[in-house]
Amino acid sequence: MRAVLAALALSFALPMAACSSHGNGAEQTATIPLTIAAGEKLHKFNVEVARTAEEQQQGLMFRTSLPAGGGMLFPFEKPRIASFWMKNTLIPLDMIFVRADGSIDRIAENTIPESLEPVASGGEVAAVLELAGGTAAELGLDENARVTWDDKK
């Protein structure tokens with residue numbers, strides 16, 4: 001079944017650059033607050049939001065770092081199987097695949113910079129959160145955590 005889902009994810013996948021924003025990494029868009037609840041701990045972030053197809057294709061490409069407590073959120077209009085790659089993404093990332101209810105479908109830790117290998121969700125997700133590689137392990141995040149954000153746009 002997982003193989004079927006992976007094949008389906010690949011067939012639906014946009015050539016989504018996992019990961020980067022605005023070319024040279026010097027620019028940064030406005031951020032929104034995002035919280036990950038892990039057990040009794042709340043971890044707060046300020047993340048950029050890739051809303052449009054163009055922003056999602058660019059993702060975090062060409063960035064050489066992320067600000068402390070930063071990342072990028074890729075929300076989808078409706079839940080779907082998501083697949084990203086790391087083409088032109090220069091830093092390792094943790095990809096957190098988030099279901100519509102805020103629960104975590106899958107965490108792909110320390111994805112490999114510049115890899116063309118797809119990184120796919122395990123099921124349908126409403127968003128993907130990208131954080132600096134190693135963040136999930138550092139904070140003890142797992143599939144029991146919940147992700148919430150308030151995006152007024």
Please name all residues satisfying side-chain contact (heavy atoms from CB on, under 4.5 Å) with [X], sequence neighbours left out, ordered by chain then number.
| X | answer |
| --- | --- |
| Ala108 | Met95, Phe97, Arg106, Thr111, Val119 |
| Ser103 | Arg99, Asp101, Arg146 |
| Pro92 | Asn110, Pro113 |
| Ile112 | Ser115 |

Report yes if the side chains of [X] and [Y] come closer than 4.5 Å at any heavy-atom pair, otherwise no.
| X | Y | result |
| --- | --- | --- |
| Ile96 | Val128 | no |
| Met72 | Arg63 | yes |
| Ile36 | Leu42 | no |
| Trp149 | Val98 | yes |
| Pro33 | Asn46 | yes |

Quiz prompt | Expected output: side-chain Ser121 to main-chain Ala82 donor-acceptor under 3.5 Å | solution = yes
Self-check item: Check: Gln58 side chain, Glu55 main-chain N or O, donor-acceptor pair, under 3.5 Å
Solution: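 It does not hold such a pair.
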Self-check item: Residues Val49, Ile32; criterion side-chain contact (heavy atoms from CB on, under 4.5 Å); working and verdict
Solution: CA-CA 7 Å; Val49 182; Ile32 63 165; 3.4 Å; yes
How close do [X] and [Y] get, heavy atom to heavy atom, and via which atoms?
| X | Y | answer |
| --- | --- | --- |
| Asp105 | Glu143 | O-CG, 4.0 Å |
| Pro75 | Ala50 | CD-O, 3.4 Å |
| Ser83 | Pro118 | OG-CB, 3.5 Å |
| Glu130 | Phe84 | OE2-CD2, 3.4 Å |
| Ile107 | Ala136 | CG2-CB, 3.9 Å |

Between [atom1] of [X] and [atom2] of [Y], what distance do you get to the nearest 0.5 Å?
| X | Y | atom1 | atom2 | result |
| --- | --- | --- | --- | --- |
| Leu66 | Leu93 | CG | CG | 6.5 Å |
| Arg51 | Glu77 | CZ | CD | 12.5 Å |
| Thr35 | Lys41 | OG1 | NZ | 15.5 Å |
| Thr31 | Leu73 | OG1 | CG | 11.5 Å |
| Ile104 | Leu141 | CD1 | CG | 6.0 Å |
| Asn88 | Phe62 | CG | CZ | 3.5 Å |

Practice problem: Kindly indicate, with the supporting measurements, whether the criterion side-chain contact (heavy atoms from CB on, under 4.5 Å) is fulfilled by Gln56 and Phe76. | Solution: CA-CA 10 Å; Gln56 291 187 357; Phe76 306 129; 3.8 Å; yes
Quiz item: Yes or no on side-chain contact (heavy atoms from CB on, under 4.5 Å) for Phe45 and Thr135, after CA distance, side-chain angles and deciding distance?
Solution: CA-CA 11 Å; Phe45 298 87; Thr135 301; 4.1 Å; yes
